[in-house]
Participant: 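One structure is given below, represented as structure tokens, and several questions about it will come after.
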Amino acid sequence: MPELPEVETTLRGIAPHLQGALVQDVIVRNAQLRWPIPAALPSLLRGRAILGLQRRAKYLLIAFEHGTLILHLGMSGSLRILPHGTPPERHDHFDLVLDNGKLMRLRDPRRFGAVLWHKGDILEHPLLVTLGPEPLGEAFDADYLYRATRSRSAAIKLALMDNHLVVGVGNIYANEALFRAGIRPQLPAKRLSRARCAILVQTVQEVLRAAIDKGGSSLRDFIHSDGSSGYFQQHYFVYGRGGEVCHRCRTPVRVIRQGQRSTFYCPHCQH
DNA sequence: CTTTGCACCTGTTGGC
DNA sequence: TGCCAACAGGTGCAAA
């Protein structure tokens, strides 16, 4: 499911319930996610205190004194806070049972998500160490984007979705940011002017911030950590609107494939 | 180094 | 109505 706004919303939803709690138990119903859930996890976490939570890219990081629990929601994962004893349903693979009467439950039908453990400095984990800057952080600015794209002949949309260049820009917001910037998704990244890099940085941040402000509810099956369904109508300019008319100029929105993903753009507004 | 395509897996949708 | 291919929010990895 999640794009970055959903992950950020999930973090904000679960953090108050986990912060400072002790882990009473760890229940693994199906360890076969993208990578196997470490078998040692229950013995590693039982009785330990949760020190804090943070997000890096779309990874959720839960800090303990002796290491960090890494969670990723993949395409279809969601986390919920539930009372002890809530019966699991289909695809509920993992529970973190807390000493405050609550549990955090991971549901992930497609099992592209991950639950991993890392002792030591979390930012040195192999999955995190190669990541580019946060899209909403200071390091992602016009100058950075301009320099980082000079050697890239690949389409700007593919570059935008490359985690080495910048993290957290998924298919929905890559499409939307490029529309708002008036940039054609197929344009080779290295052909973007400095000025257009500045605009793109701005529109990327704009669409992500707006979605976070709305509570990360851009996805049909997004479920808040309190179990409520968070979906309400999101206003997309192009994403998912192939064949419908552009909201700005009434030209039909075009659909192409880039890197095995659907790209939507307006041939009149984007160049 | 960059680029490309594949792989993982289940559920939903749309066309016939 | 039923069947089946195509597609869906991600991203690490191998190979070129």
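Chain naming here is simple, since letters A, B, ... match the order of the sequence lines and numbering starts at 1 in each. Both backbone and side-chain heavy atoms feed into the values below; hydrogens, waters and symmetry mates do not.
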Participant: So do A:L103 and A:I27 actually touch side chain to side chain, heavy atoms under 4.5 Å?
Facilitator: no
Participant: If you look at every strand shown and take non-hydrogen atoms under 4.0 Å, does A:R111 touch a base, only sugar-phosphate, or nothing?
Facilitator: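 Answer is sugar-phosphate: A:R111 comes under 4.0 Å of backbone atoms only.
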Participant: Distance check: side-chain N/O of A:S153 vs OP1/OP2 of B:dT3, anything under 4.0 Å?
Facilitator: yes
Participant: Determine the interatomic distance between P on B:dC6 and the same-named atom on C:dA6; round to the nearest Å.
Facilitator: 14 Å
Participant: For the side chain of A:K58, counting heavy atoms from C-beta on, which of C:dA8, C:dG12, C:dG10 is nearest?
Facilitator: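 Of the candidates, C:dG10 comes closest.
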Participant: Does A:H91 place a side-chain N or O at less than 4.0 Å from the phosphate oxygens OP1/OP2 of B:dG11?
Facilitator: yes
Participant: Is there aromatic stacking of A:F112 on B:dC9 here, judged by a ring-centre distance under 5.5 Å and a plane angle under 30°?
Facilitator: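 The ring of A:F112 is not stacked on B:dC9.
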Participant: So what does A:Q32 hit on the nucleic acid, given a heavy-atom distance under 4.0 Å: a base, only sugar-phosphate, or nothing?
Facilitator: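 Touches nothing.
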Participant: Do A:K58 and A:N163 come within less than 4.5 Å of each other through their side chains, counting heavy atoms only?
Facilitator: no
Participant: Partner of B:dC9 by Watson-Crick or G-U wobble geometry, both contacts under 3.5 Å, or none?
Facilitator: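 Result: none.
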Participant: Measure the distance from CZ on A:R147 to P on B:dT2 and round it to the nearest whole Å.
Facilitator: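 Computing the A:R147:CZ to B:dT2:P distance gives 15 Å.
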Participant: From the options B:dG5, B:dT2, C:dC7, select the nucleotide whose nearest atom is closest to the side chain of A:S151.
Facilitator: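 Of the candidates, B:dT2 comes closest.
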Participant: Do other residues, nucleotides or ligands put more than 12 heavy atoms under 6.0 Å from A:Q202 CD?
Facilitator: no
Participant: For A:H72, report the nucleic acid contact type (base, sugar-phosphate, nothing); a contact means any heavy atom under 4.0 Å.
Facilitator: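 Counting heavy atoms under 4.0 Å across all strands, the contact made by A:H72 is with sugar-phosphate only.
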Participant: Using the six-membered ring wherever Trp is involved, compare the ring planes of A:H72 and A:Y59 and label them parallel, tilted or perpendicular (cut-offs 30° and 60°).
Facilitator: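 It falls in the perpendicular class, over 60°.
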Participant: Taking CD from A:Q258 and P from B:dT4, how many angstroms apart are they, rounded to a whole number?
Facilitator: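 The distance from CD of A:Q258 to P of B:dT4 comes to 10 Å, rounded to the nearest Å.
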Participant: Send over the distance from A:L33 CG to C:dT11 P, rounded to a whole Å.
Facilitator: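 After rounding, the reported distance stands at 15 Å.
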Participant: Taking the minimum atom-to-atom distance to the side chain of A:R257, which one of B:dC6, B:dG11, C:dA8 wins?
Facilitator: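 Of the options given, the side chain of A:R257 lies nearest C:dA8.
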Participant: Please state how far atom CH2 in A:W35 lies from atom P in C:dG10, giving the value in whole angstrom units.
Facilitator: 15 Å
Participant: For a quick test of reading the model: is some side-chain N or O of A:S76 closer than 4.0 Å to OP1 or OP2 of B:dT10?
Facilitator: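 A:S76 to B:dT10 OP1/OP2: no side-chain N or O under 4.0 Å.
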Participant: Starting at the 5' end of DNA chain C and moving along, which residue's nearest nucleotide shows up first, A:G259 or A:S262?
Facilitator: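 Looking at DNA chain C, the more 5' nearest nucleotide goes with A:S262.
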Participant: May I have the distance from A:L160 (atom CG) to C:dG10 (atom P), rounded to whole angstrom?
Facilitator: 12 Å
Participant: Anything under 30° is parallel, anything over 60° is perpendicular, the rest tilted; go ahead and classify A:F237 against A:H247.
Facilitator: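 Geometry flag for A:H247 against A:F237: perpendicular rings.
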Participant: So which heavy atom on A:L73 is nearest to which on A:S78, and how close?
Facilitator: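 Residues A:L73 and A:S78, closest heavy atoms: CD2-N, 4.1 Å.
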Participant: Expressed as a whole number of angstroms, how long is the span from A:R56:CZ to C:dT11:C1'?
Facilitator: 15 Å
Participant: Under 4.0 Å, heavy atoms only, any strand: does A:R90 hit a base, just the sugar-phosphate, or nothing?
Facilitator: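 A:R90: backbone/sugar contact only, no base atoms under 4.0 Å.
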Participant: How long is the line joining CG of A:L158 and P of C:dT11, in whole Å?
Facilitator: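 Rounded to the whole Å, the gap is 15 Å.
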Participant: Could you tell me how far apart A:L116 (CG) and C:dT11 (P) are, to the nearest whole angstrom?
Facilitator: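 Whole-Å distance recorded here is 13 Å.
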Participant: How is A:L127 classified with respect to the nucleic acid when contacts are heavy atoms under 4.0 Å: base, sugar-phosphate, or nothing?
Facilitator: sugar-phosphate
Participant: Using a strict threshold of under 4.0 Å (side-chain N to carboxylate O), is an ion pair present between A:R12 and A:E8?
Facilitator: yes
Participant: Does A:R261 make a side-chain donor-acceptor contact with the base of C:dA8, cut-off 3.5 Å?
Facilitator: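 Flag unset: no donor-acceptor pair detected.
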Participant: Measuring to OP1 and OP2 of C:dA8, would you say a side-chain N or O of A:Y239 lies under 4.0 angstrom away?
Facilitator: no
Participant: Using a heavy-atom cut-off of under 4.0 Å over every strand shown, decide if A:R152 touches base, sugar-phosphate, or nothing.
Facilitator: sugar-phosphate
Participant: Using a cut-off of less than 4.0 Å, is there contact between a side-chain N or O of A:R34 and OP1 or OP2 of C:dG10?
Facilitator: no
